[in-house]
Number of protein chains: 2
Amino acid sequence: MNIGEIARRAGVSRSTVSYALSGKRPVSATTAQRINDVIAELGYRPNASARALAEGRTRTLSLVIPPASRRLTDVQLSFVAGVVEAAATHDLDVLLSPSGGDHDRSFERVVTGRRVDGVILMEILLDDPRVARLEQESLPFVTIGHVERPGTAPWVDVDYAELITRCVHHLADLGHRDVVLINRSDELVAAGYGPALRSSSGFLTAAEQRGLTAHTVCCADEPAAGLACFEEIRRRWPEVTAAVTINEAALPGLQRALRHAGLDVPRDFSITGVIASRLAEGFHPPLTAADVPAGDMAQLAVDFLVEQIANPGAAPRNALLQPAIALRSSTGARRH
Amino acid sequence: MNIGEIARRAGVSRSTVSYALSGKRPVSATTAQRINDVIAELGYRPNASARALAEGRTRTLSLVIPPASRRLTDVQLSFVAGVVEAAATHDLDVLLSPSGGDHDRSFERVVTGRRVDGVILMEILLDDPRVARLEQESLPFVTIGHVERPGTAPWVDVDYAELITRCVHHLADLGHRDVVLINRSDELVAAGYGPALRSSSGFLTAAEQRGLTAHTVCCADEPAAGLACFEEIRRRWPEVTAAVTINEAALPGLQRALRHAGLDVPRDFSITGVIASRLAEGFHPPLTAADVPAGDMAQLAVDFLVEQIANPGAAPRNALLQPAIALRSSTGARRH
DNA sequence: CGCACCACTCGAACCGGTTCGATGATGGTT
DNA sequence: AACCATCATCGAACCGGTTCGAGTGGTGCG
């Protein structure tokens, strides 16, 4: 069922059908009625490829995700869900493209074949090669997370440095003197993953400012690593009474390690950090933590991108979110 | 950079460039070289929409997921990841389309606009309206899960009835006499969600066969519900000594409830079921369970679909997987 | 009555590829 | 030298939409 067939049956030209559907030029009420009848009868819907070719836009966004093999964290998942949802409000479809590892074929295909109108990058590195690639291709894009020197593209991020700083002050206020940061994995830090680096520097700066003794450890994104990591902390720095973390995947292991060590939270040990609210509430006891507002961020990212696509000349917008720390039950005064 | 520009600079016709790229007709070595040079210099890649229009296929699959608002379970996520991965091996892109609730605009857009070559449906109901819709549109599709009366489409599924039956036998062999099935949510059962219904009937049949007293409960897909659900079980049927479950999302709550009740697994209580291996291993102690081989299923689903697209006349293939129960440490003999 | 204007419709060109039939050059046979 | 097969290439048509400029007929107004 193509537009020519509709036109023939309605006894009009193809262009008239097109105008009747788009409303870009007036069409008499009677012909419009006739066309609509035929369309309703035959169940016509314009061919997306043909329309994309003619209009020069695909009404599709690409969401670039980390390679599927590495399991996505809770926050990442919320981004994906949020982006799909937000795109739907603009009547846009979402193409899922893994990147990194040997999956860059998908990324290249999407970028270079004009397959999408814009790209959403997540898991951004401080100096990310994909950003350069997209700029070179002059394809609109937005990043969730921001590069070291943001340039032409809009971005949305959580202010990790600030939030971690607040966590440290919170712990200092409760009397803690020896604290540790449980960061994301070694590899991510080495690769220049922004949140990990910004958290680390924010943590150390704030601790120094409050005169605390501070340690940082990297921890792979899985429960087993969280367990091992906490045992190492107990061994190396037994005086530590509170931890700050941005590593969601390690939480179950951390919880097991605490129980194993016979430590009660928050009586014997305090925990806080930046964590998806879903996980923070699932912890036992519920975590006092800054929730990453993934849904809001996704919506903002899509909005910024749509804006940039509509008006490529405009100055790129950005947002650095500072969600409040939700006081739950995982932090308490240091015991003497 | 379009094919005409390449042709002009290489001093050949557009068709020659096309043949040089596709290899569908011979091109002399010298002109091929010239064309390749020009392409390398200008970085040309064919426009995906134009190609799709001309070829009549989009090299894209649609993956229909439950509405993004409902959080995806671990198994569902593994499907998504697996499908993306499997599609990449065929050089296909994946369009993510939420369906259900008020998100059916996306589904309709994709189905009816010839936006994709095929569709992968997950979270299939026993009598699913989307299946009828796709059959009517004669768009190739595959289902993960199978409808009551599979017809024209290939499918892949786990044999829930059989696996649950094996779980019951396993528990009966260990001496348990009173068992309970912790199913998925009320709503899913009411909607006619296959795995929930097949698990339930398999469970009851097997229990009767072995002379066990069997109860079943529905439980929403979240930790809090798991906790409440287990407390209800203890209250209503304190004699129950073992549970079978297919509800992954409830596991953390279940675990908390067990600890809260002072029950040791497997000494005081046994747990088994059908669970993603990732979660089964993350449980404490690791769960004896049938792992849903989500990656394999996704790969099979994509392969079947690709086959069906290439050869629409062929009989649809299908696979009913029966992964072995992995013996871990969550089941033990009933104590007297 | 004639003219300008408006509302509506049509045909043709275009988007950027693929594919088919035709054509010209080349070389080998008889 | 005439002929035919083969190979490489070209031009044109097509996929199914959108968009632009150019009619066409009817109306209001001077």
Side-chain angles (χ1 to χ4, degrees), chain A residues 1-36 38-39 42-60 91 93 109-117 137 139, chain B residues 1-36 38-39 42-60 91 93 109-117 137 139:
Chain A
M1 237 16 68
N2 56 34
I3 201 173
E5 184 66 23
I6 304 296
R8 191 169 323 118
R9 302 217 191 190
V12 297
S13 73
R14 301 196 304 148
S15 52
T16 299
V17 175
S18 178
Y19 287 127
L21 285 175
S22 70
K24 292 187 180 174
R25 278 195 192 178
V27 169
S28 78
T30 59
T31 52
Q33 186 56 53
R34 200 141 29 91
I35 290 170
N36 282 333
V38 175
I39 286 178
L42 275 67
Y44 164 79
R45 290 291 291 271
N47 177 303
S49 303
R51 189 213 286 259
L53 176 58
E55 282 189 323
R57 62 174 179 148
T58 58
R59 299 165 186 271
T60 306
D91 275 339
D93 287 320
R109 213 177 25 238
V110 164
V111 167
T112 195
R114 298 280 142 189
R115 220 162 168 346
V116 297
D117 298 333
E137 204 70 28
L139 188 60
Chain B
M1 234 17 67
N2 56 32
I3 202 173
E5 184 65 24
I6 303 296
R8 192 168 322 118
R9 301 218 192 190
V12 297
S13 73
R14 301 196 305 149
S15 52
T16 300
V17 175
S18 178
Y19 287 126
L21 286 175
S22 69
K24 293 186 179 172
R25 278 195 192 178
V27 169
S28 78
T30 58
T31 53
Q33 185 58 52
R34 200 140 30 89
I35 290 170
N36 282 333
V38 175
I39 287 177
L42 276 67
Y44 164 78
R45 291 290 292 272
N47 178 303
S49 303
R51 190 212 285 257
L53 176 58
E55 283 189 322
R57 60 175 180 149
T58 58
R59 298 165 187 272
T60 306
D91 276 338
D93 286 320
R109 213 178 25 238
V110 164
V111 166
T112 194
R114 297 282 141 188
R115 221 164 166 344
V116 297
D117 298 334
E137 204 70 28
L139 187 61

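In the text below, chain A, chain B and the rest are named by the order of the sequence lines, each starting its count at 1.
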| message | Please pick, from C:dG17, D:dC10, D:dT19, the nucleotide with the shortest atom-to-atom distance to any side-chain atom of B:Ala54. | response | C:dG17
| field | Exercise: identify the closest heavy-atom pair between A:Leu139 and A:Asp117 | value | CD1-O, 4.1 Å
| Spacing of A:Thr112 atom OG1 and A:Glu137 atom CD [to the nearest 0.5 Å] | 4.5 Å
| task | Would you mind telling me which of D:dT9, C:dT9, D:dC20 lies closest to the side-chain atoms of A:Ser15? | result | D:dC20
| message | OP1 or OP2 of C:dC10 versus the side-chain N and O atoms of A:Thr16: is any pair under 4.0 Å? | response | yes
| Does B:Lys24 have a side-chain nitrogen or oxygen under 4.0 Å from the phosphate oxygens OP1 or OP2 of C:dT19? | yes
| Base, sugar-phosphate, or nothing: which does B:Gly113 touch, judged by heavy atoms less than 4.0 Å apart? | nothing
| field | Donor-acceptor pair, side chain of A:Arg14 and main chain of A:Gly4, under 3.5 angstrom | value | no
| said: Checking the side chain of A:Arg45 only, and the main-chain atoms of B:Gly113 only, is there a donor and an acceptor separated by less than 3.5 Å? | reply: no
| request: Answer with base, sugar-phosphate or nothing: what part of the nucleic acid does A:Pro46 contact at a heavy-atom distance below 4.0 Å? | output: sugar-phosphate
| query | So, is B:Arg51 near the phosphate of C:dT18, with a side-chain N or O under 4.0 Å from OP1 or OP2? | reply | yes
| message | What's the closest nucleotide to the side chain of A:Ala50 if the choices are D:dC10, C:dC10, D:dG16? | response | D:dG16
| task | Using only side-chain N and O atoms of A:Asn47, determine if any of them is under 4.0 Å from OP1 or OP2 of D:dG16. | result | no
| task | Check whether any side-chain nitrogen or oxygen of B:Tyr44 sits under 4.0 Å from OP1 or OP2 of C:dG17, and answer yes or no. | result | yes
| message | When you measure from the side-chain N and O atoms of A:Ser13 to the phosphate of C:dG11, is any distance below 4.0 Å, counting only OP1 and OP2? | response | no
| task | Please determine if a side-chain N or O atom of A:Ser18 lies less than 4.0 Å away from the OP1 or OP2 oxygen of D:dG17. | result | no
| task | Would you indicate which nucleotide in C:dA22, C:dC10, D:dA13 comes nearest to any side-chain atom of B:Arg14? | result | D:dA13
| field | Sugar-phosphate, base or nothing in reach of B:Ser49, heavy atoms under 4.0 Å | value | nothing
| Among C:dC15, D:dT9, C:dG16, the one nearest B:Leu53 by side-chain distance | C:dG16
| task | State which of D:dT19, C:dT18, D:dG17 makes the closest approach to the side chain of B:Glu55. | result | C:dT18
| Sugar-phosphate, base or nothing in reach of B:Ser28, heavy atoms under 4.0 Å | sugar-phosphate
